[in-house]
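All figures in this text were calculated on a predicted structure; none of them were measured in a lab.
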Amino acid sequence: MILYLVIPCYNEQEVIETTAGKLHDKMKELCSRNVISDESRILFVDDGSSDNTWNIISRLHKENKIFSAVKLSRNKGHQNALLAGLMTAKNKCDAAISLDADLQDDINAIDEMCDKFKNENCDIVYGVRSARDKDTFFKKHTAESYYKMLSKIGVEVTYNHADYRLMSRRAIEALESFKEVNLFLRGIVPMIGFKSDKVYYERQERTAGESKYPLKKMISFALEGITSLSIKPIRFITALGIGIFMVSIIMLIYFLVIHFMKGVVQGWTTIVVSVWAIGGLQLLSIGIIGEYIGKIYLETKQRPKYIIDEYLEK
């Protein structure tokens, strides 16, 4: 079994050497137990880092050919960098495991992932956090609420799973057929539909450096997940427009009754009803148009997901 570890990196100079050492030891251990072939590699993907990350990766590659590397022409975001690594590894491996450069994901779970791939014929194995005890109250509850919300709007995701997963070659080939430019791999991978399983692990604290997902990026990523995989928010606007229009009918009846029974300032009833009725119709119209725009939006954007500037291989 040829295994590739795919690690997207963005400004990770503080942790990259430590990460490389730990992954190298893990690969040697797996090779010594004949779990993986000695042709297996650790593939770093530099996502347009502005620090010394690429220079460190280049040196690691020169010192040991187990380290391969891809440098993107500019920063394209974690999901695109991860996709670039998977597509690079696709024709060279039997399976690839994606994980973050900070190694908060327990690398010992790789053993069980490989076992499920080799002995249980799983094409996809999800690394799932067993608990969120180390998260802050805010992060824990917003993350859990977000996963629940995704499920309610029809997005199939694995609860408490990020991007730590094993994918077989044929699963990666299937992933290649998805042409979305706006990527949310946590929602796309389950669409592949091959046999899958889960491996549970305890997430560790970051040993050095800073998180590349501050609150602003987390919110942006969360919105990406919703809008790239579901048009239910647009349908909600449509439903809201219908609801407000129905309320306007009720208000029309109410104000007409008030007008004839008690009398009101002339013209007031017309203005109130007009505001409610026209507002509801506008939202309804925007929702219907948005339904089509949403479909066009999901289908027509065909910009390159990434451009490879440099590739270091054995």
Side-chain angles (χ1 to χ4, degrees), residues 1 3-8 43 45 47 70 76-101 104-107 109-110 112-118 120-130 143-144 146-201 203 213 218 220-232 298-299 301 305-306:
M1 168 188 176
L3 176 69
Y4 267 59
L5 302 183
V6 178
I7 305 100
L43 175 62
V45 182
D47 185 23
V70 168
K76 296 293 290 184
H78 178 272
Q79 299 290 279
N80 286 306
L82 177 52
L83 184 70
L86 291 173
M87 293 303 114
T88 301
K90 172 172 60 74
N91 295 324
K92 301 177 175 65
C93 68
D94 298 309
I97 295 178
S98 56
L99 64 164
D100 291 339
Q104 286 183 272
D105 300 319
D106 184 7
I107 61 175
I110 292 174
E112 192 175 350
M113 287 182 175
C114 291
D115 180 66
K116 289 183 178 296
F117 169 72
K118 293 179 69 175
E120 299 181 28
N121 298 317
C122 292
D123 284 287
I124 302 169
V125 183
Y126 299 102
V128 178
R129 295 178 63 170
S130 56
E144 290 176 348
Y146 178 63
Y147 280 110
K148 291 175 182 176
M149 181 182 66
L150 285 177
S151 296
K152 287 183 179 179
I153 65 173
V155 179
E156 185 182 352
V157 291
T158 301
Y159 192 71
N160 275 340
H161 163 71
D163 287 300
Y164 187 26
R165 70 180 75 86
L166 176 146
M167 297 182 70
S168 67
R169 179 188 290 189
R170 76 168 188 148
I172 299 172
E173 289 173 346
L175 176 63
E176 189 178 19
S177 66
F178 287 79
K179 301 302 181 183
E180 285 93 334
V181 174
N182 297 283
L183 290 176
F184 187 70
L185 294 176
R186 301 175 198 184
I188 294 175
V189 172
M191 295 181 186
I192 294 174
F194 295 152
K195 184 179 179 181
S196 63
D197 205 342
K198 301 173 185 176
V199 167
Y200 293 90
Y201 69 96
R203 189 169 171 84
Y213 272 96
M218 287 176 64
S220 176
F221 186 59
L223 292 173
E224 187 72 54
I226 295 170
T227 56
S228 64
L229 292 170
S230 175
I231 58 171
K232 284 197 175 181
L298 293 173
E299 295 294 334
K301 295 175 75 175
K305 300 178 184 69
Y306 56 84

Close side-chain approach of [X] to [Y], heavy-atom, < 4.5 Å:
{"X": "Asp100", "Y": "His78", "result": "yes"}
{"X": "Arg129", "Y": "Tyr164", "result": "no"}
{"X": "Val45", "Y": "Asp47", "result": "no"}
{"X": "Val199", "Y": "Leu166", "result": "no"}
{"X": "Glu173", "Y": "Lys90", "result": "yes"}
{"X": "Phe178", "Y": "Ile192", "result": "yes"}

- Determine, for Arg203 against Asp106, whether the closest basic-nitrogen to carboxylate-oxygen distance falls under 4.0 angstrom. no
- Would you call Arg186 and Asp163 a salt bridge, using N to O less than 4.0 angstrom? yes
Which atoms form the tightest heavy-atom contact between [X] and [Y], and what is the distance?
{"X": "Leu5", "Y": "Ile7", "result": "O-CD1, 3.5 Å"}
{"X": "Asn80", "Y": "Tyr306", "result": "O-CD2, 3.8 Å"}
{"X": "Leu43", "Y": "Gly85", "result": "CD2-O, 3.4 Å"}
{"X": "Ser168", "Y": "Asp123", "result": "OG-OD1, 2.6 Å"}
{"X": "Tyr4", "Y": "Ala89", "result": "CD2-CB, 3.7 Å"}

Spell out, as yes or no, whether a donor-acceptor pair under 3.5 Å connects the side chain of [X] to the backbone of [Y].
{"X": "Asp197", "Y": "Val125", "result": "no"}
{"X": "Lys195", "Y": "Glu120", "result": "yes"}
{"X": "Arg169", "Y": "Asp94", "result": "no"}
{"X": "Gln79", "Y": "Leu185", "result": "yes"}
{"X": "Ser130", "Y": "Tyr201", "result": "yes"}

Spatial distance of atom [atom1] ([X]) from atom [atom2] ([Y]) [nearest 0.5 Å]:
{"X": "Met87", "Y": "Leu82", "atom1": "CE", "atom2": "CG", "answer": "9.0 Å"}
{"X": "Ile188", "Y": "Leu83", "atom1": "CD1", "atom2": "CG", "answer": "8.5 Å"}
{"X": "Phe117", "Y": "Met1", "atom1": "CZ", "atom2": "CE", "answer": "5.0 Å"}
{"X": "Ile172", "Y": "Thr88", "atom1": "CD1", "atom2": "OG1", "answer": "10.5 Å"}
{"X": "Leu86", "Y": "Ile97", "atom1": "CG", "atom2": "CD1", "answer": "11.0 Å"}
{"X": "Lys116", "Y": "Ser196", "atom1": "NZ", "atom2": "OG", "answer": "10.5 Å"}

